[in-house]
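Following: one structure in structure tokens, then a few remarks.
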Protein chains: 4
Amino acid sequence: MEARRAILDAAITLISERGYANVTIEAIAASAGVGKTTIYRWWSSKGDLALEAINDRVGEAIDFPDTGDISADLRRQLLEVARLLDGEIGVLFRGIVAEAQSTPTVGAALLDTIIEPRTRACEARLAKAVDDGQLRPDVATRMMVELIYAPLYYRLLFKTDPARPRDIALLLDYTLSGLRPVPATD
Amino acid sequence: MEARRAILDAAITLISERGYANVTIEAIAASAGVGKTTIYRWWSSKGDLALEAINDRVGEAIDFPDTGDISADLRRQLLEVARLLDGEIGVLFRGIVAEAQSTPTVGAALLDTIIEPRTRACEARLAKAVDDGQLRPDVATRMMVELIYAPLYYRLLFKTDPARPRDIALLLDYTLSGLRPVPATD
Amino acid sequence: MEARRAILDAAITLISERGYANVTIEAIAASAGVGKTTIYRWWSSKGDLALEAINDRVGEAIDFPDTGDISADLRRQLLEVARLLDGEIGVLFRGIVAEAQSTPTVGAALLDTIIEPRTRACEARLAKAVDDGQLRPDVATRMMVELIYAPLYYRLLFKTDPARPRDIALLLDYTLSGLRPVPATD
Amino acid sequence: MEARRAILDAAITLISERGYANVTIEAIAASAGVGKTTIYRWWSSKGDLALEAINDRVGEAIDFPDTGDISADLRRQLLEVARLLDGEIGVLFRGIVAEAQSTPTVGAALLDTIIEPRTRACEARLAKAVDDGQLRPDVATRMMVELIYAPLYYRLLFKTDPARPRDIALLLDYTLSGLRPVPATD
DNA sequence: CAGTAACCGAGACGGTACGTCGTGTCTTCTT
DNA sequence: AAGAAGACACGACGTACCGTCTCGGTTACTG
């Protein structure tokens, strides 16, 4: 079982150093001091391994804060996510998204183990804000999640430069101003 | 020169059928009835070829309509883009984005030849809408573009199911309501 | 100790079914319902195991008959050996000879435990025949053994079809006619 | 085509140095400065390659001399063969025979390309000797070949030490004395 | 209108990595 | 305490493509 640990660590290190596509299973095995067979015993592909590695790193983390102010809470959460994506995790994540484009199983696992759980958690917090009258009740929370997070991924996948905190805060502000309850204009 | 055509056509056909990552240069050559050398004579890599193929297909297309109503114009434009991404082009595009994650030259070319030009065109239309008083003047048009298009790419890259027209219209509405000029509340 | 039996039996069965080279230690272990470790505890290699298996099967068997007629005795012995080599034992034996070509220890053990003892026994019978005046006294009994048995092995190793009894009898006759005492011709 | 040459040479060198079973295709490729693919392009297996290598080395060689004296001719021929088998070729040949025990195609090819042609040539010379009254007409020439050559292979495959010229001459003498025409004893 | 270049198909080539199999060693858990 | 079960590092397998490289055999341009 300690072989698993060595493999996950080696995978993260190598991928963050050289980029997902430039890392071979053989290199991970060598770097972990492990036979290739041992990797294939536990994971069916590089994508599979990368997914577990990223989940292992991120864990249950990034639970949603709830101070009562949805705007402040989302900002804090988004900045935290952006910080993560700016480091090792970001390289890993970009690789997995790339892999997901051509490997359906990885695509499905990406949704199931990463995107969906966090989307759900976010929706819960948003629903509360709707109840509090801080957000429009007529917009599906799922769509709110998309509107809020999409720009972050857009920057991650299309730009080389990371999303700066200032920009993130602004993008969030603009998005939220479209999601606030319309003042009763009687 | 007709070899070029055959190659571009074969590339699009094969990639849309099997997915970007499952297509080899050799397969393209064979399918185009061409020697590998001929492909390498004109393109330096599969990503390079795919980029030209997609540009060849899409062309200058999708110029921004201007009826005076920014909301209607954007909707039309977005729906058109979504329609494109739902077919052959979408598969190709997803492959290129994937490739871009690990091949800097492809990433740069993706920005230069696809993203940037269209972003510029969109910004121009948005600037006009700002002048017309239909959009807030205090938001950078570049950010508006991100807010408007990001959800589309989010769906393309993370979901298996395509973005439905209804959803697209809604997402746009919500986004735009955050970008409208704030009524003087004196 | 019953594990040993199961292993030897499994080895013979598998090898005679699939051929020596197509049988792995793992397959023998699985078929014997035994852990690999148990095999390695007692034998150092597949060749080693095969050698013991064949000796176990053949045992002390094939002792040389002595009716007083060397020709008849050899014929009976040769036919018996040929019969053995035509069944399971033959497949095993061919595998061991093959192995012996590249594994010196197996080569040595093949000589020590199989070839030599039987050669000695044969020489003893031949020496008696020489004393009886049935064979030339000026030919080393060891060479006689070679002349008598070599054709049998030649057929075993080079031909797919087994040596037929008729052929064996003939070959022996021809060989022996060269080994009979030269009649005093003066 | 010069890759083929390099491969055949490397195969012979390596096999004669380390023994057939201890040489891998990868080692041959590396030693020949060639990709594995190139080997597999031309040969289907190590046995296949070894067979061509040995034929390439031996060539049409070893044609049967005909001085009119069958005994002298065979002796010369046998000594020549023994000389060959004592060097590089012998190691190669033992490996091929071993391989032939478990690989039917190699077994067949061994017969077809090496054993059979030479057996035929030998039979032709023997037939002539029969006509000349030097050998018994009632023994199939094919059997004569077996009787004459079998001891050579016996020594090659079962002993580590090579067959010495003196022994070979003796063995041949004894064999031939059984094959000479029986003097009319009426 | 012949000569010569550019372009092409075909595919051999040296490589790298793949995912699998079997080896012989070792540890763990069961009985 | 013995032994099955199987994880493990390792090395080789045979395959798939990579990108480079000759090879001949066309067009089609030019001198």
Side-chain angles (χ1 to χ4, degrees), chain A residues 1-4 6-7 21-46 48-49, chain B residues 1-4 6-7 21-49, chain C residues 1-4 6-7 21-49 103, chain D residues 1-7 21-46 48-49:
Chain A
M1 291 301 148
E2 71 190 30
R4 281 181 67 98
I7 291 166
N22 303 316
V23 170
T24 67
I25 295 267
E26 285 190 335
I28 295 173
S31 159
V34 136
K36 267 196 293 183
T37 320
T38 303
I39 294 185
Y40 284 108
R41 191 179 349 263
W42 301 109
W43 298 277
S44 66
S45 66
K46 191 168 63 162
D48 198 14
L49 168 55
Chain B
M1 290 301 149
E2 70 190 30
R4 280 182 69 97
I7 292 166
N22 304 315
V23 170
T24 67
I25 294 266
E26 286 189 338
I28 295 173
S31 158
V34 139
K36 271 199 290 182
T37 323
T38 306
I39 294 184
Y40 284 108
R41 188 175 354 259
W42 280 313
W43 298 278
S44 64
S45 66
K46 190 168 63 162
D48 199 13
L49 168 54
Chain C
M1 289 302 146
E2 70 190 31
R4 280 181 68 97
I7 291 166
N22 304 317
V23 169
T24 67
I25 295 266
E26 286 188 337
I28 295 172
S31 159
V34 139
K36 270 198 293 180
T37 324
T38 307
I39 294 185
Y40 283 110
R41 192 180 343 265
W42 281 314
W43 298 277
S44 65
S45 66
K46 190 169 64 162
D48 199 14
L49 168 55
T103 311
Chain D
M1 292 299 148
E2 70 189 30
R4 281 181 68 98
R5 261 262 61 78
I7 291 165
N22 304 315
V23 170
T24 66
I25 294 267
E26 286 190 336
I28 295 172
S31 159
V34 138
K36 267 199 291 184
T37 320
T38 304
I39 294 185
Y40 284 108
R41 188 175 358 258
W42 301 109
W43 298 278
S44 65
S45 66
K46 191 167 63 162
D48 198 14
L49 169 54

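Chain naming here is simple, since letters A, B, ... match the order of the sequence lines and numbering starts at 1 in each.
- Contact between A/A32 and A/A6 at its shortest, heavy atoms only, is CB-O, 3.6 Å.
- One can place CD of A/E2 at 15 Å from P of E/dC26, the figure rounded to the nearest angstrom.
- Each of B/S45 and C/G33 was assigned the nucleotide of DNA chain F with the nearest heavy atom; the assignment lying further toward the 5' end belongs to C/G33.
- At E/dC7, none of the side-chain N or O atoms of B/T38 fall inside 4.0 Å of OP1 or OP2 (strictly under the cut-off).
- Contact between the side-chain N/O atoms of A/W42 and the OP1/OP2 oxygens of F/dC8 is found at a separation under 4.0 Å.
- The nearest whole Å value for the distance from the CZ atom in A/R4 to the C1' atom in F/dC8 is 14 Å.
- Comparing B/N22 and A/V34 by the nucleotide of DNA chain F whose heavy atom lies nearest to each, the residue mapping closer to the 5' end is A/V34.
- For the pair D/R41 and E/dC13, the criterion of a side-chain N or O lying under 4.0 Å from OP1 or OP2 is met.
- Nucleotide E/dC8 holds its C1' atom 18 Å from the CD1 atom of B/I28, rounded to whole Å.
- For the atom pair A/W43 CH2 and A/L49 CG, the distance stands at 5.5 Å (nearest 0.5 Å).
- Here the straight-line distance linking atom CD1 of B/I7 with atom OG of B/S31 works out to 10.5 Å at 0.5 Å rounding.
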Set out, line by line, the N/O atom pairs under 3.5 Å between protein and nucleotides 16-18 of chain E.
| residue | atom | partner | partner atom | Å |
| --- | --- | --- | --- | --- |
| E/dC18 | OP1 | A/I25 | N | 2.9 |
| E/dC18 | OP2 | A/I25 | N | 3.4 |
| E/dC18 | OP2 | A/E26 | N | 3.1 |

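- Closest non-hydrogen pair, A/I25 versus A/I39, comes out as O-CD1, 3.9 Å.
- In this structure, D/I28 CD1 and D/E26 CD are separated by 11.0 Å, a value rounded to the nearest 0.5 Å.
- At whole-Å resolution of the value, CH2 in D/W43 and P in F/dC13 are 15 Å apart.
- Nearest heavy-atom pair across A/A29 and A/G35 is CB-C, 4.1 Å.
- Counting to the nearest Å, the C1' atom of E/dG9 and the CD1 atom of B/I39 are 12 Å from each other.
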